[in-house]
Amino acid sequence: MSKPSIPKGTRDFTPDEMARRNFIFDTIRGVFQSFGFAQIETPAMENLATLTGKYGEEGDQLIFKILNNGDFLAKADRTALEVGDSKKASFSISKKALRYDLTVPFARFVVMNQNELTFPFRRFQIQPVWRGDRPGKGRYQEFYQCDVDIVGSDSLLSEVELVQIFDEVLHRLHIPGFEIVLNNRKVLAGIAELAGVTDKLTEMTVAIDKLDKIGREKVEEELSTRGFTDEQVSKLAPLFEMETSPKEAISQLRDHLKTSEMGSKGVDELETVVNYALDLGLRSGKLLVDPTLARGLNYYTGAIFEVKVPDAPIGSICGGGRYDDLTGIFGLKGLSGVGISFGADRIYDVMSHFELFPAGASRGTELLFVNFGADEERRCMQLATELRREGIRVEVYPEATKLKKQMKYANDKSIPYVSMIGSDELTSGQVTIKEMESGEQFTISLNEVIGKIRQVL
RNA sequence: GUGGCUGUAGCUCAGUUGGUUAGAGCACCGGAUUGUGGUUCCGGGGGUCGUGGGUUCAAUUCCCAUCAGUCACCCCA
């Protein structure tokens with residue numbers, strides 16, 4: 001029972017995996033920076049009160065709470081404990097929690113730093129988040145999100161740029177056939193208005209979001225069980241027969257929503273973003289408009305984004321949307337924001353599935369010095385120091401063990417070149433370099449080494 | 001949180017109606033080869049058969065419980 005383990009839903013990352021993960025992070029960071037976004041970080045833990053009530057009732061239960069230090073039971077809410085009110089009791093023994101996403105801590109950050117920030121504020125953030133739900137394929141309890149948000153502007157140019165960021169990042173990662181799906185909360189509101197279910201907007205969106213998963217009949221069933229009348233359900237029918245190719249979808253929606261002011265505004269917004277994005281041109285993404293795309297988060301008010309990879313064994317890999325008043329809950333009203341999030345772990349899984357990682361993604365040591373003994377290793381250390389200053393990745397084997405073992409080390413680590421300085425080379429002032437893949441080797445003088453290594457690498 | 005499947009070496013898995021010393025491949029270590037890795041040959045280490053209980057003369061095998069993993073549903077990145 002002393003076998004070590006890690007909590008479920010968490011992972012260790014090997015050097016190989018880290019090289020590939022960094023390839024993803026570097027790509028994402030590079031694109032974010034090319035659009036002028038600046039990086040921030042926030043603490044792994046937030047005050048529990050900052051997080052609760054932001055993710056709906058189910059979301060609140062998935063927040064990892066941190067037990068207070070010290071004699072936490074002394075201050076615990078005894079009555080809540082006795083009646084078995086876990087929720088109330090937990091607040092009396094926990095003041096801190098692990099962050100659940102990057103958006104809410106960002107909203108808190110903006111409010112706290114509002115006087116130092118220049119608006120519109122463009123930030124990105126790449127950090128892990130934690131959720132206590134059941135792990136599964138593509139679902140972890142600790143995972144990374146890569147968020148970009150623009151806060152303090154309601155210009156639709158932001159939406160257009162975010163579409164371009166999706167496209168550029170996923171293009172650079174060679175994700176095949178990815179689809180950027182677009183919708184607008186105002187369109188959903190308009191549809192609800194026409195069906196006379198404005199008060200049940202959330203119930204409606206939760207149900208219709210499942211359309212492509214469970215089919216029209218099941219969605220209609222679910223709407224009925226959620227208290228929709230047959231008439232209301234039948235008024236939602238056009239929604240189930242929409243095209244997803246953007247131009248067609250927009251014209252169908254415009255027609256359907258022409259009597260709804262809110263709905264028409266949503267269609268206008270959608271059309272602006274779509275036309276702009278299509279005019280500028282996408283690199284390899286497919287742009288779709290899907291009025292059934294809802295996404296669970298309650299705070300979206302305008303655009304809604306999601307990215308899917310049809311043939312991948314995983315749901316969405318990215319999401320996002322516009323929220324008109326996210327900072328309002330922290331006391332700063334009237335700031336509109338729009339942002340998207342890349343699920344780096346899911347992108348990793350998709351790339352593994354399609355074997356998309358370039359061989360060079362795990363570039364490690366380029367040259368290993370074999371160690372033959374005290375005098376030889378001194379020469380190796382000198383040379384290694386010079387080569388490192390030239391930007392070459394070098395290691396010196398730390399012990400003068402059998403050559404076979406040192407060669408195997410180089411082979412196992414896929415080090416392409418091995419340098420040998422034994423007694424012969426030491427006296428002649430030369431270096432023998434072996435190219436591992438071909439097995440060929442050559443002997444050169446010391447002052448040729450840097451030039452030669454440069455040349456072969 | 002609800003239901004199905006699986007737990008045997010570091011990994012992937014065998015294991016006879018329940019029977020005496022639980023095997024293989026890969027990986028690891030050593031040797032053939034004391035200045036040459038990736039191929040080959042030889043040898044070696046490693047297991048409380050997930051854990052606890054029950055049935056039995058006898059359990060890796062059958063039964064129950066529990067834990068862990070996994071797939072579908074709910075929800076999400």
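Each chain gets a letter, A, B and so on, in the order the sequences are listed, and its residues count up from 1.
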**Nearest-Å distance once atom C1' is located in both B:U66 and B:G10** = 26 Å
**Request:** Determine the interatomic distance between C1' on B:C62 and the same-named atom on B:U21; round to the nearest Å.
**Result:** 24 Å
**Message:** Strictly by Watson-Crick or wobble contacts shorter than 3.5 Å, is anything paired with B:G35, and which nucleotide is it?
**Reply:** none
**Prompt:** Excluding sequence neighbours, so at least two apart, what forms side chain to side chain donor-acceptor pair (under 3.5 Å) with A:Ser224?
**Reply:** none
**Request:** For A:Ile347 and B:C76, give me the distance from atom CD1 to atom C1', rounded to whole Å.
**Result:** 15 Å
**Request:** Take atom OH of A:Tyr140 and atom C1' of B:C75, then tell me their distance rounded to the nearest Å.
**Result:** 17 Å
**Asked** Partner of B:G69 by Watson-Crick or G-U wobble geometry, both contacts under 3.5 Å, or none?
**Response** B:C5
**Message:** Checking side-chain polar atoms at under 3.5 Å, does A:Asp349 have a donor or acceptor matched by the opposite partner on A:Tyr140?
**Reply:** yes
**Message:** Using a heavy-atom cut-off of 4.0 Å across all strands, would you classify A:Ser316 as base, sugar-phosphate, or nothing?
**Reply:** sugar-phosphate
**Prompt:** How many Å lie between CZ on A:Phe166 and P on B:A77, as a whole number?
**Reply:** 11 Å
**Item:** Lys NZ or Arg CZ of A:Arg21 over A:Tyr144 ring: under 6.0 Å, within 45°
**Value:** yes
**Request:** Find out whether the Lys NZ or Arg CZ of A:Arg131 is both under 6.0 angstrom from the six-membered ring centre of A:Tyr100 and within 45° of the ring's axis.
**Result:** yes
**Message:** Is it the case that the side chains of A:Gln430 and A:Thr443 hold a donor-acceptor pair, with the cut-off being a distance below 3.5 Å and no angle test?
**Reply:** no
**Prompt:** What interatomic distance, in whole Å, is found between C1' of B:A24 and the corresponding atom of B:C64?
**Reply:** 33 Å
**Fill in**
Atom CZ of A:Phe178 and atom P of B:A77 are separated, to the nearest Å, by 19 Å
**Message:** What's the gap between B:A27 and B:U40 when it is taken at their P atoms, as a whole Å value?
**Reply:** 9 Å
**Asked** For the pair made of CZ in A:Arg139 and P in B:C71, what is the distance, rounded to whole Å?
**Response** 11 Å
**Request:** Start with the C-alpha distance between A:Phe37 and A:Phe124, add both sets of side-chain angles, then the distance that settles ring-ring contact (aromatic ring centres under 6.0 Å, His included), and finish with yes or no.
**Result:** CA-CA 6 Å; A:Phe37 288 85; A:Phe124 75 94; 7.5 Å; no
**Prompt:** Which one is paired to B:U17, where only Watson-Crick or G-U wobble pairs with both distances under 3.5 angstrom count?
**Reply:** none
**Length of the line joining A:Asp60:CG and B:C76:P, which is rounded to integer Å** = 13 Å
**Request:** Could you please name the partner base of B:A77, counting Watson-Crick and G-U wobble pairs only when both distances are under 3.5 Å?
**Result:** none
**Prompt:** Do the side chain of A:Arg134 and the base of B:U70 come within less than 3.5 angstrom through a donor-acceptor pair of N or O atoms?
**Reply:** no
**Asked** If you find the nucleotide of RNA chain B closest to A:Gln145 and the one closest to A:Pro135, which residue's nucleotide is nearer the 5' end?
**Response** A:Pro135
**Request:** With P as the reference atom in both, quote the distance from B:G50 to B:A9 in angstrom, rounded to an integer.
**Result:** 8 Å
**Message:** In this structure, how many angstroms lie between the C1' atom of B:A77 and the CH2 atom of A:Trp130, rounded?
**Reply:** 15 Å
**Request:** Sticking with atom C1', work out how far B:C76 lies from B:U17, rounded to a whole angstrom.
**Result:** 49 Å
**Item:** Separation of atom CG in A:Leu293 from atom P in B:A77, rounded to whole Å
**Value:** 11 Å
**Request:** Determine which nucleotide pairs with B:C26, using a 3.5 Å limit on both distances of a Watson-Crick or G-U wobble pair.
**Result:** B:G10
**Message:** Students often mix this up, so state it plainly: with edges at 30° and 60°, are the rings of A:Tyr348 and A:Phe357 parallel, tilted or perpendicular?
**Reply:** tilted
**Message:** Strictly by Watson-Crick or wobble contacts shorter than 3.5 Å, is anything paired with B:U56, and which nucleotide is it?
**Reply:** none
**A:Phe342-B:A77 aromatic stacking (under 5.5 Å, under 30°)** = no
**Prompt:** Along nucleotides 32-39 of chain B, 5' to 3', which nucleotides get a B, which get an S, and which get a -, given that the test is a protein heavy-atom distance under 4.0 Å?
**Reply:** ---BBBB-
**Item:** Whole-Å C1' distance, B:G35 and B:G44
**Value:** 27 Å
**Request:** Indicate the atoms forming the closest heavy-atom contact of A:Val418 with A:Met407, along with that distance.
**Result:** CG1-SD, 4.0 Å
**Asked** Are the side chain of A:Ser94 and the backbone N or O of A:Ile66 linked by a donor-acceptor pair below 3.5 Å?
**Response** yes
**Asked** Mind checking the P distance from B:C63 to B:A68? Whole angstroms is fine.
**Response** 22 Å
